[in-house]
Amino acid sequence: MSLLDDFIEVYEEYLNSLGDGQKSLKACISHLSSVLKKTAHITRASIVAKGIGFCYYFARMVGGLGVTSLTYREGLPGKGSDIHKVMALAATDYCHDWREGKLKGGVDNYVANAVEELKAAGLLDKHNDGDIEKIRSDARTLLSHFARLLPTSGMSGNSIRCYPEMQLIDFKLKIWGVPDLIIEDADNKRALIIEWKTYTKTFEEDIIQVYIYAMLEAMRLGYTSLDQLEGAITSSPPKINAVIIRPNGPYTKTYDESKMRNLLRAIIVMAYHMTLLVTNPEPYVGSRRGIERICTVDVSGRNYISYRLGPKEIFGVKIRRGRPRGSHNRYPCNVCPFSDVKSPLAGAIGKGECKIYFGTLPGEEKTRLEKLIWKFRYNVFKQSERSMTLYKGLYSSINYGNIHEFLETLQDSNIVIDEDGEIRFDEEGRDCFNLRVDFSETLKHTAKAIIGIYNIKHVADETERIVLAKSLNEVSVKRDDYVTLCVPREKKPVLVGLYEPHVSSITHTANIFARVSQVLMPGEEIGNVKCGDSEVCLIITPISPYLRFPFHVFKRYYKGTGIQKAVVSEVDADLTYIDLRTLHALQVRAEYAKIDDTQKQYLTKFILNALESTTPRKRETWTT
Amino acid sequence: MSFTTIASAIDFAIRKVTELKECEPPSQSYKYAIDYTYKAFTGGLHGAAIRGPPGTGKTNTARCALIKAFSYIMENEDLVLLHTAPTNELTFEVFTRMFPTIYYLAVEKYGYDIRDVLKMVKILGSGIPEPFYEGDEKRFQWLADGEIRKILRETRRATADTKFVFSTDYQRVDIRGKQFIVFVDEASKHPFYSSFNPVSTEWIRSIIDGKDEIIKSLVIVGDEFQAVALSPEYRGSGKQYLALPLLWEILDKSEEKSYTTLDISFRLPDPIPEILTEGFYRNVGVTLKSGVNLKQRIKELGDKKKDGEESSEYVNDILEAVTTEISTIVYDVKSTYQPGEFTDPVRVRTAINALKAIHNLYGTNVNVMVVAPYSKTIQDVKFGIVSRLPATRAYSYVTTPSALGREADIVITILGKEYPGEKRKTIYYQEPENLNVSLSRARILQIIIGNIDQLKNTSLKKIRAISADLEQRKGIKEDAIREKENMRKIASNLYNIAKKIEELANDDRIILRKK
């Protein structure tokens, strides 16, 4: 049985626990299992952590609906706060020097160097001296704790590696997470996860979050069954340990083994639940109504759809949740940025975001504008899923056991990966698209990616630029009387991951999301980069000004591991979080327009009124 | 004009712009378009929707409205004109075209100096060129001023002084206390909501601050017949959720009715507008006309190179087109794409030869764009050229979606798969708009490389097959009937295009060569 089957079995067990009121439980589970195996949707680690440890509704708003506010914005990978950026650089440099036994001064020195590097690159959000001094001082405190922890952590020797802000994407767990720092001993399949916190109190969600990262790291290290994975985290001493470093010192929460196993299983269930909430099951199992019907569960005399029903308890782990329709003066509502007592919106429209989304009763009539917003939102979910299919295809390299074999196969022939992760050789593929993800049976979508292993020719110190190269012979394919080049296409987004032999999936490598800004032909020269006469070069640069920082991180992966090769694959950019943010703004505006009769709602009111009008429209204009 | 930095575009405005270009509307539809846009800019309308087929002067319409509305915008302290476009390239291009007008009006009307102007104009996007290069102060005298350099560095960030923002639609314009006129350019494939992406945070903030709604009006300019690379949700009947159609509907349902279609192409010489009308615009009752004096344009090509040593059939074809004032050459190839293939050696070779002929005749004095629907084809042509001709910026190689909003003196269009496809629909049957975009970029000479016979025959076959299917409607579901009718319409449009090309060739209005 595969690990994915193990995970699905955990989810099945959870559905079973919902009670006897499920007439078609077996059919429901079979359908959901199919959806979970095929979907390319994935959930962020922080959403799962908040969903269990803070408030389930909060997690749904942020993870599923893209709700943000002026006081709360979900961070994107690579867009951390200033203190996190400083710690990523300082702690990694310290860790590598400590490993080598060549520390260059005390922690102050490492923090100062990191701050200088970030300042010089214009990557600090804060600019005034007072703020920067505060960052420096906080970083010194955290790094001192880290420096004291390292020698006692059990992680030592030349084989350890330190990876800051590593983006781990796992389609079995269905979680995408970016731990602050991983110290890894791949030879012994051991690791230490570190999270930096700038506050002294440790919240339950923080503890859950580090254990989610521990699970992702277990996947990276190749623990291939649920028992092994749980064992790696629950054994004494654990193979994979997790520590939160706060201003008042390191913190580790230890549970007894069975409680810890339940927590890990609750994480799996919550990740699957959040994934199913944004997945349209129709392409995978036929009718949506059909699956809703067979997945009906009777709870206290009312019918719910089991996979959409917000869990209250999973394997004994209590799921925290506020009361959307009730008063918001108790925890967690009284500290939630979307509640009536905390949301800045409440003063203007009488309710916070939570009540806007969860405050109405089912069946309440919606305006056409509101219906349109939901229509758009579902479209965004679909778009988001499509943009993740290439990642899912790349993840399938895990089925080969290691990246090396997967890439060897690609050298010889093109392959197709379908929604089940099944790999076959591409009969149509005379072209040089190495990988084709084929979701045509379900999402009516296919995507192609050119993949290759490149030598890392240059990683710029001063600017955010990586130069990769490959011999012309290796990328040339003779076609009749001309030659075609099989290299990633210019301007395409790419995932550039270190070629780490011990890692089994490309989405588990120490990687960076960037773009090919230029493909240099043999002998071509740009700035101070000259491509050799018998090679083709790729210039890799940030895809957006917000994603420059990961280049500073990648430089550390490169230097810290000494690995000279990178796996480069074309991928799609997922910008749907921006769309969801806009739809949230439109939803709030629409809500306000309903209650406001002044001219303050100039445009939205106009749109709302026009759409509600019954004047017939010239629809025929819009057909092709 | 093409500029490599923000400073070089500004320098052009400072040194070369001594008067404003005329804004005489060439037809009634332009008069309406300028008037609606002006009213939307000045608070007289909530919105305007302008459909602009290729080269119909969409940006110029906006420029003309801006000239009329400039005083209003300047005198309303908190008002900001936010102009968005879908790509970095388009955003920068629109900036280079609008900035001279803003600069001229600000300096002439308001007596501003360059510092003031630069403080109020911003340009945002992930791939916008650098403000200037070190050492540029030697080229541009005004850049020697340290304060100007400092202001220019801030051009890519919206600040409190901002009055005019040019931005891609995935950037954020978080400036507090402002009101925005949102002008969405080239909005052919935008879902409606994405018009608000840059100001979404401020849109909520204004509620919290108890302020009036910050978006004062919405102007959307685009053309659904150029909507390419759409996600499936917005194809077919899903088009009604795109920005232009939905705003059109909203305006239609309101009292305002402020929508119109521009109908004269100032880019495309005859007979290309006739081909596009047959394929696309006839469906909505629009006949696209050309406003181009081809004879004058041909003069822009200049004299052919004296050392143009090699003569070839391609050289002869181009010379014939130029001397007889014909704007279109069609290389009707027999080859076809194999299933699963995205490049065709015959077409690639023909494109390389045509480009070599252009180089042989005009060197790099003209700009040439090679357009194809598949990036693989483009990569093959580019690689083939790099090994044969010296590198030049005058020749560009783009896929159809990237060609949107761009133009060149000479365009070589390589057609995609002309047949409908068995299991999966091929490109033109999925999105016929690709054909519109790729045939509407040339200012002087359009070279088409494709299998016209196949386009005509397979589309006709498809029309007949669908018609036969629909005659026996029994057992076909409502959705399937709609789908089939839509497919028949697409096939008819493709057939009309192929037939029109054939007719034009018979009338000697285009040059057609069998390959």
Side-chain angles (χ1 to χ4, degrees), chain A residues 68-70 344-345 347-349 372-373 375-376 379 382-383 386 426-432 440 444-445 479-485 489 521 543-545 575 578-579 581-586 588-589 592 599-604 606-607 609-611 613 615 617-619 621-624, chain B residues 46-47 126 170 191-194 196-197 200-201 203-205 207-208 210-213 215-218 224 231-237 239-241 245-246 248-254 284 338-343 345 348-349 375-376 379-380 383-384 386 391 423-424 432 486 489-490 493:
Chain A
T68 60
S69 81
L70 303 178
L345 270 184
I349 61 173
L372 267 176
I373 294 168
K375 167 100 190 155
F376 283 130
N379 285 352
K382 289 178 192 167
Q383 210 175 324
R386 281 195 301 273
D426 194 353
E427 287 160 18
E428 292 181 0
R430 280 183 56 213
D431 224 310
C432 70
S440 55
K444 311 272 178 255
H445 173 73
R479 306 288 294 276
D480 298 329
D481 59 344
Y482 70 101
V483 170
T484 183
L485 287 186
R489 292 158 283 184
M521 298 294 159
I543 198 155
S544 128
L575 295 173
I578 298 176
D579 296 306
R581 191 181 65 200
T582 303
L583 287 168
H584 167 59
L586 195 53
V588 171
R589 273 280 159 200
Y592 191 26
Q599 278 302 302
K600 283 182 178 176
Q601 284 286 311
Y602 185 71
L603 185 70
T604 319
F606 172 74
I607 294 172
N609 288 343
L611 288 173
S613 127
T615 315
R617 47 181 296 237
K618 301 170 184 171
R619 271 189 104 106
T621 312
W622 307 113
T623 55
T624 303
Chain B
H46 290 90
S126 62
Y170 279 93
F192 179 72
Y193 64 86
S194 68
F196 309 115
N197 275 352
S200 60
T201 304
W203 211 18
I204 292 187
R205 194 198 295 274
I207 297 180
I208 294 161
K211 299 268 173 63
D212 288 358
E213 180 157 11
I215 303 177
K216 302 312 288 179
S217 59
L218 177 63
E224 74 279 19
S231 51
E233 295 75 37
Y234 297 103
R235 289 183 202 148
S237 60
K239 267 191 178 172
Q240 63 184 302
Y241 303 112
L246 192 49
W248 196 292
E249 181 199 338
I250 288 165
L251 295 171
D252 190 43
K253 283 185 158 187
S254 78
V284 286
Q338 295 306 309
E341 287 275 14
F342 295 93
T343 184
V348 169
R349 205 166 35 237
S375 56
K376 192 71 205 63
Q379 207 162 39
D380 284 353
F383 188 66
V386 167
K423 223 168 121 189
R424 279 194 298 271
N486 195 38
K489 208 165 185 177
I490 291 174
N493 292 342

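These numbers were taken from a predicted model, which means no experiment stands behind them. Proteins get letters first, then strands, A, B, ... in listed order; numbering begins at 1 in each.
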Residues two or more places apart in sequence or in another chain: which of them pass ring pair (Phe, Tyr, Trp, His ring centres under 6.0 Å) with A/Phe376?
-> B/Tyr193

With rounding to the nearest 0.5 Å, note down the distance linking NZ in B/Lys253 to CG in A/Asn609.
-> 11.5 Å

With the side chain counted from C-beta on, respond yes when A/Leu583 and B/Phe196 share a heavy-atom pair under 4.5 Å apart, and no when they do not.
-> no

Heavy-atom contact with chain A under 4.5 Å, split by part of B/Tyr234 = side chain

Are A/Leu372 and B/Phe192 side-chain neighbours, meaning at least one heavy-atom pair lies under 4.5 Å?
-> no

CZ (A/Arg589) and CD (B/Glu213) are apart, to the nearest 0.5 Å, by 4.5 Å

Sequence neighbours left out, what passes side chain to side chain contact (heavy atoms under 4.5 Å, CB included) with B/Phe383? Give chain and number order.
-> A/Val483, A/Leu485, A/Met521

Taking the side chain as every heavy atom from C-beta outward, state whether B/Pro232 and A/Lys382 have any atom pair closer than 4.5 Å.
-> no

How long is the span from the CD1 atom in A/Ile607 to the CD1 atom in B/Ile250, to the nearest 0.5 Å?
-> 5.0 Å

Could you tell me which portion of A/Ile373 (side chain, backbone, both or neither) has an atom closer than 4.5 angstrom to a non-hydrogen atom of chain B?
-> neither

Rounded distance [0.5 Å steps], OH in A/Tyr602 versus NZ in B/Lys216 = 6.5 Å

Spatial distance of atom OG (B/Ser231) from atom NE2 (A/His445) [nearest 0.5 Å] = 10.5 Å

So, for B/Ser200 and A/Arg581, which heavy atoms are closest and what is the spacing to 0.1 Å?
-> OG-NE, 3.2 Å

For each of A/Arg489, A/Arg386, A/Gln383, tally heavy-atom pairs with chain B at distances under 4.5 Å, and name the one with the top tally.
-> A/Arg386

Heavy-atom pair of closest approach, residues B/Ser254 and A/Ala610 | CB-CB, 4.5 Å

In Å, rounded to the nearest 0.5 Å, how long is the span from CG of A/Leu603 to CG of B/Asp212?
-> 12.5 Å

On a heavy-atom basis, the closest approach of A/Asp579 and B/Ser194 is OD1-CB, 4.4 Å

